[in-house]
Every structure is written in structure tokens, then in C-alpha cells.
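Just so we're on the same page: letters track the sequence lines, and every chain starts at 1.
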Amino acid sequence: MGLFQPDTDIFRHRDVLREDYQPEEIVGRDEELQQYISALQPVINGDQPANIFLYGKAGVGKTACTRYLLSELKEDAAEFNIDLTTIRTNCEDLSTSYQVAIQLINELRDPDDQLKPTGYPQRQVNEWLWEELDSIGGTIIIVFDEVDHINDDSILYQIPRARANGNLENSKVGIIGISNDFKFRESLSSKVQSSLCEKELQFPAYNANELRDILRQRADLAFYDDVVPQGVIAKCAAFGAKDAGDARQSLDLLMEAGDVAVEQNADQVTVEHVDKARSSLERSRIVDGVAGLTQQGHLVLYALLMLHEEGSTPIRARDVQDRYEIVCDRAAVDPLVPRRMRDHLGELAMLGIVSRTERNKGEAGGRYYEYELDTNPDLLLEALEKTVDMVGVTDAIQKRLDQSV
DNA sequence: TTTCCACAGGAATAAAGGGCGA
DNA sequence: TCGCCCTTTATTCCTGTGGAAA
């Protein structure tokens, strides 16, 4: 027998479980779809499209509904001879309006006429953007997914106003902004709020029943018959429901569980596979999170890890600072000021690596956060050691620690 | 009810770094 | 190469905040 042989085939169409799969039918979002349809109605009437703002936690179907409705809208628009173009931009890796504009231009331009991500004057970039948009003509809907990643909102202001400001003549542009962050709306300047948030749709979290329906629908397409028992569906649904009614998490888990089953040559996915999948997803989440940190982020995490091992957590930022400065000293790196160190702690909290609890001791001690690890420390250490720039640092710290013992 | 603690986190700004056109 | 432009990381300064204590 050769080195390679086909896996046991329990997957019919594995891609059905992927994030970018577009289901033919949306489950459990009837009410939201109705509201969404009426918000998009002006397009079919040939009017200027409304700007729509969608918010709701991760994995509650905002993107899926948008994709689904826009493809329906395109078909219907064609029927009524309406010239409709839709552009989707994920702002996940874009932090400024400048980058967003470049990304949009590149999406509209030929692949051999692309802009580099930096180096042009802002005004020039804007002019190019209006040129590209105006040359399309008709109705244009631009979807900004994860719009909260953009730190300045100037593009969200400029695009809806472009026609009024004389930058566009042939095209009617509408924006759909999608965000996980409820506070994002508040953080927008009032002029953007009034234009972008003409229509607001809120997507509530899925409950466990809706999650089960979604998982069942996808599992029936993704796997062969009788491969996924109801107990597995229920377990994956419970996992998503526990966190935030997150369908994406549940689907990822189901796919990973399927992969585990394939690896083990099983002909059914079992609850044990789900457990294994869960820890493997957790592991890669941590490893990726840690790998994305800067060296200073690693040092802060390392300091917190040491404190955790000593049983000193939960701990307030200023006490972390003391240890952090020692770590920096041993690693021969200049320590950051407390304000900046707190930013790194906040970033760790955002990644879910550490958790923090607000404390308030009033006049006696003021208001502050206490931080503690929210992750398996062994996993963290493993992730830290995997990270290139930490290799030398952890070794150096370890060596000096050994010496000082 | 007012005061006040001690940090949270926003804003302004600087410095370093990297890509661009000319 | 130079000057310009944007990004990232960091510093400094400052206002906001919630609840125990006065």
C-alpha cells in the first residue's frame, strides 16, 4: 500500500460549512429579512439607495443576509431594467479611510492597473475614487463589512455626500455598513450618523433552537446521510449559543469535528470528535492571537503569565507594570510607560487571552480593572515560544530566572 | 449630597519606517 | 536620491467616571 490513500468520505460538500458559503435559504432571520427588504426598496424604485447600518454580534447572519438579499436584488433589478452594481469590501484589515478608498479603487480597476497601499496624496486618491465610481453609472451599493475597523469616518461621510458635492454625476451610491460593535454607532460623528444610519437594522443573537436549525440545514448538505447525529448538532449549537448566539463558531466547530472524524477514519461524527475539535480550535485561536502581538505585547503577556503562575492574579494594571518592567529589564528591552502598557493589556483582553473585571473602591481606592489569564497557561507559553522574536527573550528571561533562584 | 480616589481611555503629538513619483 | 505621504508605535497630557467615604 502507498503512502497516500483517500480519506474516508463523510463529507459530501465540505465547503458548505465555510464562512463564505451562501445558503439558498436563510434560516431564522425572517423578521430581519423583511426589514432589510424594505430598506432596499428604493433601489427597485430607481431612487437613490438608502444608507443602511446593520449591527449585531459576530455570527448572527448579518453578512449572510446581505449577500443573499443583494444577489436577489440584482436579479430583480435586472428584470426592471435597473443598472445595479454591488461592491463588497471587508474592512477587517483596513484601519483608515485612505486604505478603504485604495481598496475600493483596486476592486474597480483592472488587475494590471492597481494602486499600492500607500504613497499617494489623500486628495488624489479621492479623485480617483470618484472617477471610478462615476464611470460605472447607475445605482451602486457599497457594502462595508466590519466597518468598525475603520478608525476615521471621513469616507463614510464623503461617499453618501459625493453626489451632493458634485463629485459624482452619473452614479447613485448607497452604503451598507455592517458592524459587530454596538458602540461603533455612538462613536461616529453626528454628520455620519445622520447620513449612514438612515435605516438601522439590529440582528439579535440566534437562540439554541435557531442554531440547531441552521446547523442541521448545513450538515445535511455538507455531510452524507446519517453521518452527523442529532447529539453532535446539539453540542455544536450549544457551543455557539453559550457564547453569543454565534452561528459561525458553531459551523466552524462542526467542520473541524468533521475533519477530526476524517482523520480518525470514522464513518460518523461523534460528540468526542466535537470535544477534540473544540480544543484544537481554541489552540489555534490562541496561537494566532499571540503571533499577531508585537514584542511589547509579548512581554506584557509574559509578565502576566509569570504573575499567574505565582498565584498573584487577578491583578491591577499598576502591579502588572512592576513585573513588566522587570521582564523588560531581563530581556534588555526599554519598558513602555504605564499608559501604553495598559493599551497592551486592553488588547490582550480584546483577544480573549486575558479577562478583566472592573473594581471600584470609591474614595478609598478609586476605580480600576483587575486582569487575569483567561487561557490555559501552558498553551500560552507554547504560543509565546513559537513566536520568533520571543525565542531569544524567553530564553534570556528563563536563564536569568534560573540564575537568580 | 458632595467629595475624592485612581485609573480608563481620548486627544494631540512625535519619531521611526516604508512606499511613492519625479 | 529627495521630498512627500501615510502608518504604526509610543509619549504626554488631560478629562471622565462610579461608588465608598465624609
Self-check item: Check: Gly46(A) main-chain N/O paired with Lys172(A) side-chain donor or acceptor under 3.5 Å
Solution: yes

Quiz prompt | Between C1' of dA10(C) and CD of Gln321(A), the distance in whole Å | solution = 13 Å

Self-check item: Test item: side-chain donor near acceptor, Glu325(A) and Gln321(A), under 3.5 Å
Solution: yes

Quiz item: Which part of the nucleic acid does Arg359(A) contact within heavy-atom distance under 4.0 Å: base, sugar-phosphate only, or nothing?
Solution: nothing

Quiz item: Once you round it to whole Å, what is the distance between P of dG19(B) and CD1 of Ile102(A)?
Solution: 14 Å

Quiz item: Quick one: is dC7(B) close enough that its OP1 or OP2 comes under 4.0 Å of any side-chain N or O from Arg318(A)?
Solution: yes

Quiz item: Taking the six-membered ring where the residue is Trp, are the ring centres of Phe11(A) and Phe223(A) under 6.0 Å apart?
Solution: yes

Exercise. Would you kindly give the CG-to-P distance between Asp334(A) and dA15(B), to the nearest whole Å?
Key: 16 Å

Quiz prompt | Lys361(A) vs Asp343(A), nearer the 5' end of DNA chain B by closest nucleotide | solution = Lys361(A)

Quiz item: Can Arg283(A) and Glu382(A) be counted as an ion pair, charged N to O under 4.0 angstrom?
Solution: yes

Practice problem: Figure out the CE/P separation between Met341(A) and dT12(C), and round it to whole Å. | Solution: 15 Å

Show each protein N/O and nucleotides 3-9 of chain C N/O combination with a separation under 3.5 Å, one pair to a line.
| residue | atom | partner | partner atom | Å |
| --- | --- | --- | --- | --- |
| dC5(C) | O3' | Tyr120(A) | O | 3.4 |
| dC6(C) | OP1 | Gln122(A) | N | 3.0 |
| dT7(C) | OP1 | Thr96(A) | OG1 | 2.3 |
| dT8(C) | OP2 | Ser95(A) | OG | 3.1 |

Practice problem: Name the closest nucleotide to the Arg356(A) side chain, picking from dT12(C), dG9(B), dA22(C). | Solution: dG9(B)

Quiz item: Arg339(A) near the nucleic acid: base, sugar-phosphate alone, or nothing, with a heavy-atom cut-off under 4.0 Å?
Solution: base

Self-check item: Glu358(A) CD to dT17(C) P, straight-line distance once rounded to whole Å
Solution: 12 Å

Quiz item: 5'-most contact on DNA chain C: Gly362(A) or Arg367(A), nearest heavy atom basis?
Solution: Arg367(A)

Exercise. Look at the side chain of Arg316(A) and decide which nucleotide, out of dG19(C), dA6(B), dC4(B), has an atom nearest to it.
Key: dA6(B)

Quiz prompt | Length of the line joining Glu370(A):CD and dG18(C):C1', which is rounded to integer Å | solution = 16 Å

Quiz item: Do we see a donor-acceptor contact under 3.5 Å between the side chains of Tyr324(A) and Gln296(A)?
Solution: yes

Quiz item: Salt bridge or not for Arg18(A) and Asp252(A), using N-O below 4.0 Å?
Solution: no

Quiz prompt | Arg359(A) and Glu370(A) ion-paired at < 4.0 Å | solution = yes

Quiz prompt | Atom-to-atom span, CG of Asn360(A) to P of dT17(C) - whole angstrom | solution = 13 Å

Quiz item: Below 4.0 angstrom from OP1 or OP2 of dG9(B), is there any side-chain N or O of Tyr369(A)?
Solution: yes

Exercise. Starting at atom CG of Leu299(A), determine the distance to atom P of dA10(C), rounded to an integer number of angstrom.
Key: 10 Å

